[in-house]
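Here the structure is a predicted model, which means the values were calculated and not measured.
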Amino acid sequence: MALLAHQLRTPLSTINALAQGLIRRADRLSTHDIQLKAEKIWRASLRLDELIETILSYTRASAGSIMLNPSEFHLAELIKRACREQGGQEPERAFHLDIKDMPEMIIGDPVLLEQALVIVVSNAMKYSRPDQPIDVTARGEDSLVRITVKDRGIGIGERDLPFVLQPFFRGRNAKKLPGTGLGLSLAWYILKLHGGNLEVESRERRGTRVSLIVPETNTTGFSYSI
C-alpha cells in the first residue's frame, strides 16, 4: 500500500505544482507557456488514471472477479488504435507497425485485450528513451495470433527476468522509474483468461521483447488468479 500511495502521489504532486504555478503567474505567462504547462498537467492526469485503472483491475483479478465479455472484433484495428493513442502521448517517438497474415476477425474480450496491449506498449515507452522507436508486429500462427512489442530500452537483468510476471516485482534497474510492478502480471492474467500467454525476452541495456499470444476464439474464459 505504501508503494501504491507513493506512485499515486507523484502525478498528483505534478498536477498540484503546475496548477498553482498557473494561478500565481497567469498574467505573466505567454500562450505558449500556458499550453506547455497544460500539456504537462494532461500527461500527469493520464498517468494517474493509468495507475488507478491498474490498481482496480489488479484488485478484481486477485479476487477472481474479472470475467470475459467475448465478442467478434477486428484485432488488427485494435492494435493500430492502441499504438496510435499511446504514440500520441509522445509525438516524437516512432512506432513501427508490421501486421501480416492476421485473421480478419477473432472472438475475445476486446476491452481486456486492449488493456493488456496498452500495458505492454506503455512499458516499452517508459523504459526506453523517447528517441528510441517501438516495434510492434502481429502474425497469425495456426489458431493463434502473436503480437510482439519490442523496445530498445534499459532491458531486464538476467537475475530479475524469471520474476517479472510476479505482482509488485520491480527490476533492480527500474527502482527509480515510476511504476507499481502490477502491469505485466495483470497483462499475463488477461492473456491466461483468454487461453493465451505472455512471453518476455530481455537483456539488460539491450531492450525487451514481449509477446502477447491470443487464441483466435475464446468465448468462455479460464479460471486464473494472480
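Here the side chain of Asp160 pairs a donor or acceptor atom with the backbone of Arg172 at under 3.5 angstrom. Checking side-chain atoms of Asp101 against main-chain N and O of Gly140 turns up no donor-acceptor pair under 3.5 Å.
For Glu201, the salt bridge (charged side-chain N to carboxylate O under 4.0 Å, His left out) criterion is met by no residue, not counting sequence neighbours. Residues passing the salt bridge (charged side-chain N to carboxylate O under 4.0 Å, His left out) test with Asp131, sequence neighbours excluded: Arg129. A search for salt bridge (charged side-chain N to carboxylate O under 4.0 Å, His left out) contacts involving Arg60 returns Glu53, not counting sequence neighbours.
Residues Ile34 and Ile15 share a hydrophobic cluster, clusters being chains of Ile/Leu/Val/Met/Phe/Trp/Tyr side chains in contact below 4.5 Å. Residues Leu191 and Leu68 fall within the same hydrophobic cluster, defined by Ile, Leu, Val, Met, Phe, Trp and Tyr side chains chained together at heavy-atom separations under 4.5 Å. A single hydrophobic cluster is not seen to contain both Met105 and Met102; linkage of ILVMFWY side chains at heavy-atom distances under 4.5 Å, directly or through other members, places them apart. Hydrophobic clustering places Leu198 together with Val214 (ILVMFWY residues linked when any side-chain heavy atoms are closer than 4.5 Å, directly or through intermediates). Leu182 and Val111 are assigned to two separate hydrophobic clusters, defined by single-linkage of ILVMFWY side chains at heavy-atom distances under 4.5 Å.
Applying the salt bridge (charged side-chain N to carboxylate O under 4.0 Å, His left out) rule to pairs touching residues 18-41 yields Glu39-Arg43, sequence neighbours excluded.
With respect to Asp135, the salt bridge (charged side-chain N to carboxylate O under 4.0 Å, His left out) criterion is satisfied by exactly one of Arg152, Arg93, Arg209: Arg152.
Aromatic pair Phe168/Phe163: ring centres not closer than 6.0 Å.
Side-chain polar atoms of Thr137 and Arg146 form no donor-acceptor pair below 3.5 angstrom. No side-chain N or O of Gln166 forms a donor-acceptor pair with one of Ser185 less than 3.5 Å apart.
Cluster partners of Leu46 are Trp42, counting Ile, Leu, Val, Met, Phe, Trp and Tyr whose side-chain heavy atoms approach within less than 4.5 Å, directly or via other members. In the hydrophobic clustering, where aliphatic and aromatic side chains (Ile, Leu, Val, Met, Phe, Trp, Tyr) are joined below 4.5 Å either directly or transitively, Ile213 groups with Leu144.
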